[in-house]
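All values below come from the heavy atoms of this structure, side chains included, with hydrogens, waters and symmetry mates left out. Residues: numbered from 1 along the sequence shown. Numbering of ligands and ligand atoms starts at 1, following listing order. If you're wondering where the values come from, they're calculated on a predicted model, not measured in any experiment.
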Amino acid sequence: MPIQVTRSSMPSFEEYCEEIRELWDSHWLTNMGVKHNALTSELERYLGVKHVTLYTNGHLALENVLEAMHFPCGSEIITTPFTFASTTHAIARNGLIPVFCDVNERDYTIDTDKIEALITEKTAAILPVHVYGNLCDVEKIAQIANKHGLKVIYDAAHAFGVTKKGVSTACMGDASMFSFHATKVYNTIEGGALCYSDDALVQVLTDLRNFGLCGEEGRYIGGNAKMNEFQAAMGLCNLRHLEGEIEKRRVAVERYRARLSGVKGIKLCDEQPEVKSNYAYFPAVFDGYKYTRDEVFERLKANDIIARKYFYPLTNGFACYDSFETAGTDKTPVATHIAERVLTLPLYADLSVEDVDRICDIILQ
Ligand code: T4K
């Protein structure tokens, strides 16, 4: 079996079957059933956040929260291109304009020194990404947003389980979106959540995710983005094992660090002060190493080890944004430099130290 970049965490077959048993009695499979409601409460408690709204995936959650904020069409949203397609598409699919800010060289999150120069009278919000689970400079972003009267919506797709000084990423900004996709530290097969404290958002998000209907009233032109009972049941099971899974990831990451830190031409992200990591991804940047990123990628692949070039290419270089004046990778030189050199190495809870050693041996040989 090849070693893939990640592997879904799953409960035992028996535990999942036990969790879904009652669905065979109730025949209630979706539309805010008991599992959905139980998971909502469990997550509110685990994350220490006032409101959680569950979604069938993280992308639709992001689309919905941008819609719920009622920004005028053509408003500008400051974001980064060093991310998965979803972040940028969620902005553009709402009729908003993504304005691409560069990332910093430290952790590849938004470079807060470059945000203010991008603010215009059309700017409505900042949408930073806690990429790889690395926490953005949330204090500085809050300062800038307050000064200019902007909303802050975090793409926290990678950051479930991350805390700073004990506070969850769920509590940062006006809203945070988590992805619970199979490839994430915590999964509900597919799934996602919005976390926020503004009571006024509860009803609008609840309606938007269910065709825009509030009872019989058609309030919004909404889609269908509800999480079903099988997804929620997986979420309830996986939440019981989350801390153990993160701890196993930590062991693998420590091994990678022990083997690759200090190697000339390989750059790793440092641990962030006061941040409890979820060890979501392990990016290594090959910059001046004896082999290029693509050579390392091919060598690993020849050995049945499938690393990934997350996040190459940058979204501001996607053909679908050619007609946007704001597009163009030349405007984000640091992100361009990193995207051309980064590899995310395999990382998941059951990845053994022996496998990490084998991967490192191939890279270092
Ligand atoms: N914002 C950010 C920053 C994101 O990274 C994402 C998603 C989103 C928003 C949107 O959230 P969602 O709507 O997806 O909830 C994957 C995921 O599909 C995507 O969720 C994720 N980011 C992105 C970074 O990666 P692919 O096309 O690279 O995944 P795939 O199918 O190649 O899988 C990668 C590896 O994971 C496989 O080689 C093996 C393993 N795997 C995969 C699946 C599907 C499993 O172990 N089990 C599985 O079921 O996009």
Using a 4.0 Å heavy-atom threshold (strictly under), name the region of [X] that reaches ligand 1: side chain, backbone, both or neither.
X	result
Y348	neither
H59	both
T83	side chain

> Any idea which heavy atoms bring R293 and A339 closest together, and the distance?
Replying inline: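 It is NH1-O, 3.0 Å.
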Which option out of [options] puts a heavy atom nearest to [atom]?
atom	options	answer
atom 22 (N) of ligand 1	K184, H130, H181, R308	K184
atom 4 (C) of ligand 1	F82, Y132, F84	F84
atom 11 (O) of ligand 1	A156, G192, S179	S179

Among protein heavy atoms, which sits nearest to [atom], and what does the distance come to when rounded to 0.1 Å?
atom	answer
atom 9 (C) of ligand 1	S86 OG, 3.2 Å
atom 28 (O) of ligand 1	Y310 OH, 2.5 Å
atom 38 (O) of ligand 1	Q4 OE1, 3.1 Å
atom 5 (O) of ligand 1	H158 NE2, 2.7 Å
atom 39 (C) of ligand 1	T6 O, 3.5 Å

Which ligand 1 atoms are under 4.0 Å away from a heavy-atom of [X]?
X	answer
A157	1 (N), 2 (C), 3 (C), 4 (C), 9 (C)
D155	1 (N), 2 (C), 3 (C), 9 (C)
A182	48 (C), 49 (O)
R7	46 (O)
T183	17 (C), 20 (O), 33 (O), 34 (C), 36 (O), 42 (C)

> Any nitrogen or oxygen of G58, main chain or side chain, under 3.5 Å from a nitrogen or oxygen of ligand 1?
Replying inline: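 So ligand 1 has an N or O lying under 3.5 Å from an N or O of G58.
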> Hey, does Y281 come in under 3.5 Å of ligand 1, counting only N/O atoms on both sides?
Replying inline: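 The answer is no, given that Y281 and ligand 1 share no N or O pair closer than 3.5 Å.
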>> I'd like to check atom 31 (O) of ligand 1 in this structure: does the protein have a heavy atom lying under 4.0 Å from it?
In response: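 Neighbour list for atom 31 (O) of ligand 1 is empty of protein heavy atoms (cut-off 4.0 Å).
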Examine distances only and state if a side-chain atom of [X] and a backbone atom of [Y] form a donor-acceptor pair shorter than 3.5 Å.
X	Y	value
Q231	N228	yes
Y186	G235	yes
T6	L347	yes
Y256	P346	yes

Within the structure, is a non-hydrogen atom of [X] found at a distance of less than 4.0 Å from ligand 1?
X	result
E190	no
S8	yes
G191	yes

>> Looking only at the side chains, is there a donor atom on one of S8 and N187 sitting less than 3.5 Å from an acceptor on the other?
In response: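 Their side chains do not contain a donor-acceptor pair, so the 3.5 Å distance test is not met.
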>> Under 3.5 Å, is there a donor on one side chain and an acceptor on the other for D199 and H51?
In response: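 Yes.
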>> For E105 and K267: C-alpha separation, side-chain torsions, deciding distance, then whether salt bridge (Lys or Arg N to Asp or Glu O under 4.0 Å) applies.
In response: CA-CA 10 Å; E105 294 180 36; K267 182 177 173 294; over 6 Å; no
>> With a 4.5 Å cut-off on side-chain heavy-atom distances among I, L, V, M, F, W and Y, is there a chain of contacts connecting F100 to I115?
In response: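 Result: no, two separate clusters.
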> Does one hydrophobic cluster hold both L29 and W24, with members joined at side-chain heavy-atom distances below 4.5 Å?
Replying inline: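 Yes, L29 and W24 fall within the same hydrophobic cluster.
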> What's in the same ILVMFWY side-chain cluster as V285, cut-off under 4.5 Å, chained through other members?
Replying inline: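 When side chains under 4.5 Å apart are linked, the cluster holding V285 also contains V5, F82, F84, V103, Y108, V129, V131, Y132, Y281, Y310, F311, L314, V334, I338, V342.
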> Looking at Y154, F178, F160, which hits ring pair (Phe, Tyr, Trp, His ring centres under 6.0 Å) with H130?
Replying inline: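 Per the ring pair (Phe, Tyr, Trp, His ring centres under 6.0 Å) rule, the option paired with H130 is Y154, out of Y154, F178, F160.
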> Which residue pairs pass the side chain to side chain donor-acceptor pair (under 3.5 Å) test when at least one of the two sits in residues 158-172, sequence neighbours left out?
Replying inline: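 Sorted pair list: E139-K164.
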